[in-house]
Enquirer: 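Structure provided below as structure tokens; questions to follow.
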Amino acid sequence: MKCTICEHRCTITEGGTGICRMYTNTGGVIHEKYPDSYLTVMPVSIETIPLLHFAPRAKLLQVSSVGCTFSCPGCVSGVLIGDIEGMAHALKTIPPPAVVARAKDEGCSGIVFCLNEPAVALPSFIRLAREAKGAGLTTGCSTNGYFTSEALEELVPFLDFVNIGLKGISDNRYLACRAAHAAPVFRNIRTLAEAGVHVEASVMYLKGGEDEVLEVARHLAAISPDIPLQVMRFVPFGDAGLSEEPTILESERLCDALHDILPYVYLFNSPGTRCLDTVCPSCGETIFAREFYGPMGARTLRARNGARCSCGVSVPVIGEISAVGFDEPGMLGGYRPTRALEMAEAIRVCLVSGESPAPPGFWPGIAKEEFIGGLHDRIQTIDGYLGLIEDIGVRCGRSKEAAALHDYISGRIETVRSSVCDNPRPRVYYSMGTPLFALNAGRFEVCLAETAGGEVVNRQIVRKGKPGVNLSVDEFSALNPSIIIISGFLSAPPEDYLCTCSELGLRAEAVSRGAVYALPPGWDFGSPRFVLGLMAIANILHPDRCSFDLDAETALFYRRFYDRDPETARPNRSFCMPGSPASGLQPSDPVGGLKNNEPG
Ligand code: SF4
């Protein structure tokens, strides 16, 4: 039997499955393996889907399941498609009326299928969307857009909005995701736009892929210049290489070029970027001011009434602009739940020293809303994180290994503490991506820098965001740090960082001394490898007291907890400014080609 839901058009034999492993054939009928079943159901703000030109600041009920029709290197939702059978234990069957009732109870104006591909649960999604529309809710999804024409025809009547995640425009880019062609996706964008569905497109931007993105923009402009284009700066989750990650500066330059083709272009995964704002295409006035709000997410800070510029131009925005936005608690909202699952997996992998699949009860416990919601607070302190290691150890039946990891980390922390305890504390500023994006004072990274003997100036900032806030030039100058650390996640090369400081006229002792350091991914958040980051920061802050051999420590950590050597491939970017040998991190230092969540 042929499945006609997506353009793979899999042949599914009796009892077998297709590429996505989410449909099977019973007695000549193809049906979903897990109908009306969801991994997460939670309220989110619309800008985390992300959608920027549809009902700004709206609160939607986001549903997700597991599985995908694609397999893209570096996928932000990779944890949802790697071990489908294991993850399926965590699915909960919730009939459409119950999902709609939850949306109403939560005060949501719509329902959105997001985080994984809705094509893997199309009959369920259509049943849910029909129920939701009957109850007066808006409906939509985030999708790779690889539907067949006949499947899309069934879905269109139930869609108000859609975000199509483009891989590029060449068949090669689609082949990398194990799909054959780009053409069906652009065909479907046209179908959706002509049917009156609100369409936004996001495109993955990999280093060196500027022409691909420019060509995508030309094709979208030919369909409708009103389609907002979201440039997703590639961040290598999973197994993808660091060398494919463009810098924020490169991405901003690309966005500038894209504005010659499309009026509404936005840059994601780039904390502090100026390219999340909507500016009037005629006079350049800011109509919507936005801030980075986690991976693939944004938050609206200010909006001009009616999305109308003082020069008279109206930005094509559908629906009402809510006066206030919805702030998701903890790790809930947007793509944060997938990060939460990855963090649990990053610990589990250390405890099983390799690839051993999770026991059946593991994911159902981890994927619970209470666990994901509560995780945020637990991972903001070192003691909380050590407690989480023990918890994960119990959940995967590896308490002894968890105790060994706990003891190893505790021992290194004690060594760092005793080395720096009576030394003067330098003023440290911890930022993410660009100079004007400051991490929240309550973040784990801040705790790490304090443990390493720094006085972290982020504590002077009272505003909070996720994971931080934009600063003004004056606020930055007032902090006047003597050392700046750029986080390992959504990072930036120090030379780009200093270049931005110079462009913005930012003044601080750290800037004039060039004392700007970036940590490798996973060394300051979300992985037990934070212990390596702690030692690296101690080297940077107290070169007179600390000279940890980070190469040797990395090799030891990998052999002991991943049962292998660190990768030998070097990351194609520098991790600190030249001339700071005491940090132990040099511009092409062999820190091991580490990825954001490698190897978990
Ligand atoms: S939805 Fe799944 S089974 Fe159906 S054609 Fe696509 S990949 Fe194959």
Side-chain angles (χ1 to χ4, degrees), residues 1-39 63-91 93 96 112-130 139-159 162-168 171-189 191-192 204 238:
M1 291 293 296
K2 273 223 180 296
C3 173
T4 56
I5 288 176
C6 86
E7 288 288 353
H8 287 305
R9 295 184 184 271
C10 301
T11 300
I12 304 181
T13 55
E14 178 74 22
T17 56
I19 287 173
C20 67
R21 313 208 299 275
M22 294 295 283
Y23 294 92
T24 189
N25 171 357
T26 309
V29 178
I30 291 178
H31 58 94
E32 286 179 83
K33 286 179 73 178
Y34 312 104
D36 300 324
S37 298
Y38 301 101
L39 185 72
V63 299
S64 72
S65 67
V66 297
C68 188
T69 53
F70 284 10
S71 179
C72 307
C75 174
V76 67
S77 295
V79 70
L80 302 184
I81 62 173
D83 175 16
I84 287 181
E85 284 69 30
M87 275 281 174
H89 292 295
L91 294 172
T93 303
V112 59
F113 196 120
C114 185
L115 295 191
N116 72 311
E117 172 55 42
V120 303
L122 190 64
S124 293
F125 180 42
I126 290 177
R127 278 194 295 276
L128 175 57
R130 180 184 285 122
T139 55
C141 64
S142 179
T143 168
N144 60 31
Y146 207 55
F147 297 104
T148 59
S149 296
E150 52 269 43
L152 190 64
E153 199 181 312
E154 275 189 61
L155 179 60
V156 158
F158 303 104
L159 287 180
V162 65
N163 184 325
I164 303 274
L166 295 160
K167 310 306 164 195
D171 287 347
N172 270 347
R173 281 291 301 129
Y174 276 80
L175 281 171
C177 292
R178 299 200 199 145
H181 309 291
V185 182
F186 286 88
R187 175 200 69 206
N188 290 342
I189 291 176
T191 302
L192 287 158
M204 194 52 71

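One-based numbering, in listed order, for ligands and for the atoms of each.
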Enquirer: Between K2 and E150, does any side-chain N to carboxylate O distance fall below 4.0 Å?
Expert: no
Enquirer: Is the distance between atom 4 (Fe) of ligand 1 and the nearest N/O/S atom of C3 smaller than 2.8 Å?
Expert: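 Under 2.8 Å: C3 contacts atom 4 (Fe) of ligand 1 through an N, O or S atom.
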Enquirer: Parallel, tilted or perpendicular, judged at 30° and 60°: which one describes the rings of Y146 and Y174?
Expert: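 Y146 and Y174: parallel rings.
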Enquirer: So that I can check it, does any N, O or S atom in C10 come closer than 2.8 Å to atom 8 (Fe) of ligand 1?
Expert: yes
Enquirer: Counting non-hydrogen protein atoms only, what is the nearest one to atom 6 (Fe) of ligand 1? Give residue, atom name and distance.
Expert: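 Going atom by atom, the protein heavy atom closest to atom 6 (Fe) of ligand 1 ends up being C6 SG, 2.3 Å.
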Enquirer: Between V120, T143, I5, N116, which is the residue that forms a side chain to side chain contact (heavy atoms under 4.5 Å, CB included) with T69?
Expert: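 The passing option is V120.
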Enquirer: Within the 4.0 Å heavy-atom shell around I19, which atoms of ligand 1 are there?
Expert: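 In order of number, 7 (S), 8 (Fe).
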Enquirer: May I ask you to list the atoms of ligand 1 that are less than 4.0 angstrom from any heavy atom of H8?
Expert: 7 (S)
Enquirer: I need the nearest protein heavy-atom contact for atom 1 (S) of ligand 1: residue, atom name and distance, please.
Expert: Y23 CE1, 3.6 Å
Enquirer: Is there a side-chain contact (heavy atoms from CB on, under 4.5 Å) between C141 and F125? Walk through the geometry before answering.
Expert: CA-CA 9 Å; C141 64; F125 180 42; 3.9 Å; yes
Enquirer: Output the list of atoms in ligand 1 that are nearer than 4.0 Å to some heavy atom of R9, sorted by atom number.
Expert: 5 (S)
Enquirer: With a 4.0 Å cut-off on heavy atoms, is M22 touching ligand 1?
Expert: no
Enquirer: Between the candidates C68, C20, G67, A179, which shows the shortest non-hydrogen contact distance to atom 2 (Fe) of ligand 1?
Expert: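 Comparing heavy atoms across C68, C20, G67, A179, the nearest one to atom 2 (Fe) of ligand 1 lies in C20.
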Enquirer: Would you find more than 12 non-hydrogen atoms of other residues, nucleotides or ligands less than 6.0 Å from R178 atom CZ?
Expert: no
Enquirer: Strictly distance-based, threshold 3.5 Å: is any side-chain N or O of N188 a donor or acceptor partner for the main-chain N or O of L152?
Expert: no
Enquirer: Are a donor atom and an acceptor atom from the side chains of E32 and S124 found within less than 3.5 Å of each other?
Expert: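 A pair is found: one side chain offers a donor N or O, the other an acceptor, under 3.5 Å apart.
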